[in-house]
Protein chains: 2
Amino acid sequence: MVMEVKQSLEGRLKRMQKNTSDTGIKIAVMSGKGGVGKTTVAVNLAACLARDSAVGLFDADVDCPNINKFLGINGRFSIRDGKIEPVDRFGIKVISPASLQERATDPIIWRGPMLSNAIIELLDKTEWGNLDYLIIDLPPGTSDVPLTVMQSLKPDWVIIVTTPQDVSVTDAEKAANMAKELDIPVLGVIENMSGDIFGEGGGKRAAKELGVNFLGRIGLDRKISASCEHGKPAVLEDSNLSGVFRGIAEGTGLLQK
Amino acid sequence: MVMEVKQSLEGRLKRMQKNTSDTGIKIAVMSGKGGVGKTTVAVNLAACLARDSAVGLFDADVDCPNINKFLGINGRFSIRDGKIEPVDRFGIKVISPASLQERATDPIIWRGPMLSNAIIELLDKTEWGNLDYLIIDLPPGTSDVPLTVMQSLKPDWVIIVTTPQDVSVTDAEKAANMAKELDIPVLGVIENMSGDIFGEGGGKRAAKELGVNFLGRIGLDRKISASCEHGKPAVLEDSNLSGVFRGIAEGTGLLQK
């Protein structure tokens, strides 16, 4: 019985890996600490890359998925012949567990193995098509779901997001060290919410301590907060922020200069 | 074999429940979304109550524990005769998994069952003494660790923290609905980071939609951020914030007026 379950899991994992083999360069956005701007970075990076490339965006935060809200997506996936069709939004192919929920405020109270199963299932059943990039928005922490994504999907890169504060920098380094232990290279560190209130420089310090690139700084700005509320990526409305993300994408070689 | 493991778990759970039976009123601080200020609320509420009462503070965020940083605690617990002695800081008895780590930036890469085991073990082995209040700082989300704390420790109350933004309010309602499903009453909602950048009013709206009390509003303020960095609760330095927390503690009947 235990052996059967194990074989079925391994089979599913292999199917998922086959199903995501044409999804291009896979980049996981990670932070350790919650609420530092992973989703802001994931959504805006995806929108920036989607101008010239085929981009998928996967919301791996199963119990508190926020990608749909940030992109103004309501309602559910369509499922055809057992395959899930991603929602096309601003030229991005989006899959979020939020599309499985009837009401956004219903809690998803699952233990770790169920969360991990849901991730594998969604990645396996989605009709991604050929992508140039798949951006994965991870939940906070360094446990179940980030571990499942890293071990099973094997992203090509991890981008680390931190706010300028010490407490966030420590957790960011923890997240980067987790990626390193699992042999996923770190593309670099982005500092979010930089400015008067939370200070600045933490992102650069984290990058230096980790021996990776510092990718750029996003200011604490009401326009960015408002764009999340309005469901449209700030890079599509704000030329400053668009420049920051274009700089990040060019600096890392994801976009040609 | 499976039966033996189950009996050993049940035995440990019972011991933990016995060990925490004199810890007074147990209040879990919860949010759904990460980075909205659970730890700020937990630390400042504990410091506010500790002026007149015996208070314990338990950091249940096993993989990214931040309580020690917020209270300027370095180093490990002392363990005597197999019992853990909480760190006494600002009159609060503090237990954080951070005190188990050699270096703060080492990742704790555990699957859900190990996280839950660590929570039960720490609560069981700690020499709490007689407390009036035990404040529990939960990790983000509505899965493993919040579920373990609610099912095993059975807090008397949950306090919900949200920022003013829609996306945080949705996750806050999700967290409150989880508590309700598990029969833990919600003491009320606190709005954090209120002001120009993120707006205001989300906390009041969440409280109204949930049919619970709105407890108070904490502004987005560089003094609060700085106090976290300096390792001293802001209520001990700032009379405005001290007033807000005293109001919350009095309004909920936790402190006598």
Side-chain angles (χ1 to χ4, degrees), chain A residues 31-37 39 61-64 66 69-70 104-116 139-148 163 165-182 193 196-199 209 220-222 225-226 228-229, chain B residues 31-39 61-64 66 69-70 104-116 139-148 163 165-182 196-199 209 220-222 225-226 228-229:
Chain A
S31 68
K33 190 171 182 319
V36 301
T39 306
D61 194 347
V62 183
D63 51 344
C64 288
N66 290 326
K69 171 78 193 156
F70 276 49
T105 55
D106 285 344
I108 297 182
I109 311 171
W110 286 352
R111 293 223 170 254
M114 284 179 74
L115 296 175
S116 295
T142 56
S143 292
D144 265 293
V145 169
L147 183 54
T148 295
T163 64
Q165 302 141 285
D166 273 359
V167 65
S168 172
V169 169
T170 302
D171 290 347
E173 292 186 25
K174 199 176 281 190
N177 287 332
M178 174 190 185
K180 285 181 181 175
E181 280 191 23
L182 297 167
M193 303 191 196
D196 277 353
I197 306 267
F198 298 125
E209 283 167 6
L220 180 65
D221 182 341
R222 97 173 72 177
S225 169
C228 303
E229 299 286 273
Chain B
S31 68
K33 189 169 183 321
V36 302
K38 277 182 304 300
T39 306
D61 194 347
V62 183
D63 50 345
C64 288
N66 290 327
K69 172 76 192 158
F70 276 50
T105 55
D106 284 344
I108 297 182
I109 311 171
W110 287 351
R111 293 222 171 256
M114 283 180 73
L115 297 175
S116 295
T142 56
S143 292
D144 265 294
V145 169
L147 183 55
T148 295
T163 65
Q165 301 141 286
D166 273 0
V167 65
S168 171
V169 168
T170 302
D171 290 347
E173 292 186 25
K174 200 177 281 190
N177 288 331
M178 174 191 185
K180 284 182 182 175
E181 279 191 24
L182 297 168
D196 276 353
I197 305 268
F198 298 124
E209 283 166 7
L220 180 65
D221 182 342
R222 97 172 73 176
S225 169
C228 303
E229 300 286 272

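Scope of the values below: all heavy atoms of this structure, side chains included, with no hydrogens, waters or symmetry mates. Chain naming here is simple, since letters A, B, ... match the order of the sequence lines and numbering starts at 1 in each.
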Looking only at B:S31, B:G34, B:C228, B:A175, most heavy-atom pairs under 4.5 Å shared with chain A are made by B:G34

As an exercise, state the distance from CG of A:L147 to CG of B:D63, rounded to the nearest 0.5 Å.
10.5 Å

How many angstroms lie between CD1 in A:I197 and CG in B:L220, if you round to the nearest 0.5 Å?
4.0 Å

With a 4.5 angstrom heavy-atom cut-off, is it the side chain or the backbone of A:K33 that approaches chain B, or both, or neither?
both

Using a 4.5 angstrom heavy-atom cutoff, name the option from A:V62, A:D61, A:V36, A:I108 with the most pairs to chain B.
A:I108

In terms of heavy-atom pairs under 4.5 Å, which option from A:P146, A:A104, A:P140 contacts chain B the most?
A:A104

Go through the atoms of A:T148 and report whether side chain, backbone, both or neither lie under 4.5 Å from a heavy atom of chain B.
both

How many angstroms lie between CD1 in A:I109 and CD in B:E181, if you round to the nearest 0.5 Å?
4.5 Å

Identify which part of A:V167 has an atom lying under 4.5 Å from any heavy atom of chain B, answering side chain, backbone, both or neither.
both

Answer with side chain, backbone, both or neither: which region of A:E209 has an atom nearer than 4.5 Å to a non-hydrogen atom of chain B?
neither

Cut-off 4.5 Å, heavy atoms of chain B, and the answer for A:D106 is backbone

When B:S168, B:G35, B:S143 are compared by non-hydrogen pairs under 4.5 Å with chain A, the top option:
B:S143

OG-CG distance between A:S225 and B:D196, expressed to the nearest 0.5 angstrom:
11.0 Å

The interface call for A:C64 against chain B, heavy-atom contacts under 4.5 Å, is both

Taking every non-hydrogen atom, the tightest pair across B:N177 and A:T105:
ND2-O, 3.0 Å

Side chain, backbone, both or neither of A:D221 within contact of chain B (heavy atoms, under 4.5 Å):
backbone

Roughly how far, to the nearest 0.5 Å, is the CG atom of B:D166 from the NZ atom of A:K69?
4.0 Å

What is the minimum heavy-atom distance between B:S116 and A:R111, and which atoms define it?
OG-NH1, 3.5 Å

Would the distance check show the side chain of A:Q165 and the main-chain N or O of B:E229 forming a donor-acceptor pair, the cut-off being under 3.5 Å?
no

Heavy-atom pairs under 4.5 Å with chain A, option from B:K174, B:R222, B:K180, B:M178 with the top count:
B:K174

